[in-house]
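What's counted below: heavy atoms across the whole structure, side chains too, no hydrogens, waters or symmetry copies. Counting convention: from 1, in listed order, for ligands and their atoms alike.
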Amino acid sequence: MSLLGCIADDFTGATDLAAMLVKGGMRTVQVIGVPGPDDQAPDADAIVVALKSRTSPPAQAVSESLAALAWLQKVGCRQFFFKYCSTFDSTDDGNIGPVADALIAALGNGFALACPAFPANNRSVFQGHLFVGSNLLNESGMEKHPLTPMTDANLVRVLGRQTTGTVALVPYATVVRGAGAIRDAMTGLKEQGRRYAIVDAVTDADLYAIGEAASSHALITGGSGVAIGLPENFRRAGLLPAQTDAAKLPAVTGHAAVLAGSCSRATLMQIGTARGHAEVLELDALATPDAAALTAQALAWADSRLGAAPIVIAASAPPDQVAALQAKLGRDAAGLLVETALAGIAEGLVARGVRRLVVAGGEASGAVVQRLGVRQLTIGREIDPGVPWTFAEGTGPALLLALKSGNFGAPDFFLKAFAVADAS
Ligand code: ADP
């Protein structure tokens, strides 16, 4: 029976969380979308239900999250985790606040901590403010995100605008005093009727302490970082054996490709680094604002290039080009166009024998996974923090799939990915 039931608001985020749990020795399976009421639970210590709810209408995000919670409860999970982005991607309408409010109400626990810190990826929270490296969130490039521009780094304020409850802070001065002090602070805030505590965290040691402090919480909300301490809670309680290799995946052979739909600085850099080492096609959605035509162009290009070496197909563009496409089509339609094209390209590549595929971008990954009919991902070795290879199963052939959140990964990520796959 699974111990931890997780609900993630996008696909790459789900994988990122699952990778964290695997590193902690929990065998973890990610299921795609809300399971049917009669679906059996996979044999795993943790289950992550991956939704694509980050930017859907709040009412839909809430109802899908509640359905996921009901299934995770039914299959016996004991603790629940709502995973959102380490850059707190959301708008004033949601969806972090509305979903967390609904989960808290359903679980009847009245309170949850909120901590997106992920030091391994340079996200830290100090005095309630989210930093990316040494920049405040709103000066990190995230203020230009195509779908969820983050223009305020003060998370007490940001979450406060999204919830019907109140938001307080457990400051760093308390966090450094360890798990007991954090637990006491959270208990005090809950007794005062606060619904959330943003909890500061700068290092993994802080996150281990926060995890320990939340061992009895019904619900934890945050980025994948704050899950780092949770496996140890289960081990301490005698519920989880020491695992040596929770990350072993079956071998998969076939062509290799990268599909990029993220316009983040990190992904743009990774595409730049791949040039000169791999064949790279940059799609021009502004010149061809038609998903089927973009797909056909890309597959015609790929036909003569698929072989021993990985190929890279990118829709990603710098902010001025993104703005130009959005001005022409509207923000949502521009995103949908690119996602539809990438999904079609993924389908065509798999039909042409691609079996190892990297997708960059949360929304892009969601679109690709849905189109390929993937139902379940077993989580394997990490390529870079937060991005593991996974063994994907569903209606099509089994694949090795890596879903990369736009901002994640070192500049040589696309090159390194296949070396890690070959070594696994
Ligand atoms: P990230 O993980 O960086 O947030 P996402 O895939 O979640 O990446 O979001 C990026 C969004 O930008 C997607 O909706 C994608 O379709 C859209 N997009 C990608 N390329 C372009 C482009 N050239 N012009 C406009 N929008 C684009």
Asker: Mark up the atoms of ligand 1 that fall under 4.0 Å of a heavy atom belonging to C263, in ascending order.
Answerer: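 The atoms of ligand 1 under 4.0 Å from a heavy atom of C263 are 18 (N), 19 (C), 20 (N), 21 (C), 27 (C).
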
Asker: Should A315 be counted as touching ligand 1, given the test is an N or O pair under 3.5 Å?
Answerer: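 Checking ligand 1 against A315, an N or O pair does fall under 3.5 Å apart.
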
Asker: For ligand 1, which atoms have a heavy atom of L147 less than 4.0 angstrom away?
Answerer: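 Checking each atom against L147, I get 14 (O).
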
Asker: Please name the residue in the list V125, T87, V226, D89 that meets the side-chain contact (heavy atoms from CB on, under 4.5 Å) test with P116.
Answerer: V125

Asker: Which atoms of ligand 1 have any heavy atom of A364 under 4.0 Å away?
Answerer: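 The list of qualifying atoms is 6 (O).
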
Asker: Are Y84 and F82 close enough that their ring centers fall under 6.0 Å?
Answerer: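 Judged by ring-centre distance (under 6.0 Å), Y84 and F82 do meet the cut-off.
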
Asker: Run through T395, V359, I32, L357 and flag the one making a side-chain contact (heavy atoms from CB on, under 4.5 Å) with L372.
Answerer: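 For L372, the side-chain contact (heavy atoms from CB on, under 4.5 Å) test succeeds with only one of T395, V359, I32, L357, which is L357.
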
Asker: Does atom NZ of K416 have more than 12 heavy-atom neighbours from other groups under 6.0 Å away?
Answerer: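 Buried by this count: over 12 neighbours within 6.0 Å.
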
Asker: Of all the atoms in ligand 1, which lie at a distance below 4.0 Å from a heavy atom belonging to G406?
Answerer: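 Ligand 1 atoms under the 4.0 Å threshold to G406: 1 (P), 2 (O), 3 (O).
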
Asker: As a test of understanding, state which of E64, Q60, K83 forms a side-chain contact (heavy atoms from CB on, under 4.5 Å) with L51.
Answerer: E64

Asker: Salt-bridge test for D43 and R27: reply yes if a basic N is under 4.0 Å from a carboxylate O, no otherwise.
Answerer: yes

Asker: Using distance alone, determine whether S405 and ligand 1 share an N or O pair under 3.5 Å.
Answerer: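 No, since none of the N or O atoms of S405 sits under 3.5 Å from an N or O of ligand 1.
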
Asker: Within less than 4.0 angstrom of ligand 1, does Q326 place any heavy atom?
Answerer: no

Asker: Which heavy atom of the protein is the closest neighbour of atom 12 (O) of ligand 1, given with residue, atom name and distance?
Answerer: P146 CG, 3.6 Å

Asker: Mind checking whether G362 has an N or O less than 3.5 Å away from an N or O of ligand 1?
Answerer: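 Among all N and O atoms of G362, at least one is under 3.5 Å from an N or O of ligand 1.
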
Asker: Look at atom 3 (O) of ligand 1 and say which protein heavy atom is nearest, naming residue and atom and giving the distance to 0.1 Å.
Answerer: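 Sorting protein heavy atoms by distance from atom 3 (O) of ligand 1 puts S262 OG, 2.6 Å first.
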
Asker: Mark yes when over 12 heavy atoms from residues, nucleotides or ligands other than K74 sit less than 6.0 Å from its NZ; otherwise mark no.
Answerer: yes

Asker: So for ligand 1, is Q321 a polar contact partner (N or O within less than 3.5 Å, distance only)?
Answerer: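 No, there is no polar N/O contact under 3.5 Å.
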
Asker: Would you mind running through ligand 1 and noting each atom that sits below 4.0 Å from a heavy atom of A317?
Answerer: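 Listed by number with element: 23 (N).
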
Asker: Would you say ligand 1 has an N or O under 3.5 Å from any N or O of V322?
Answerer: no

Asker: Hey, is ligand 1 close enough to E363 that some N/O pair sits below 3.5 Å?
Answerer: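 Indeed, backbone or side chain, E363 has an N or O that close.
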
Asker: Check this for me - ligand 1, S264, N or O atoms closer than 3.5 angstrom, yes or no?
Answerer: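 By distance alone, the answer is no.
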
Asker: In terms of ring plane angle, is the pair F118 and F408 parallel, tilted or perpendicular, where the classes change at 30° and 60°?
Answerer: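 Because their plane-to-plane angle is over 60°, the rings of F118 and F408 count as perpendicular.
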
Asker: For ligand 1, which atoms have a heavy atom of L325 less than 4.0 angstrom away?
Answerer: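 In order of numbering, the contacting atoms are 24 (N), 25 (C).
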
Asker: Only heavy atoms count here, so choose which of G335, G261, G361 is nearest to atom 10 (C) of ligand 1.
Answerer: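 Ranked by closest heavy atom to atom 10 (C) of ligand 1, first place is G261.
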
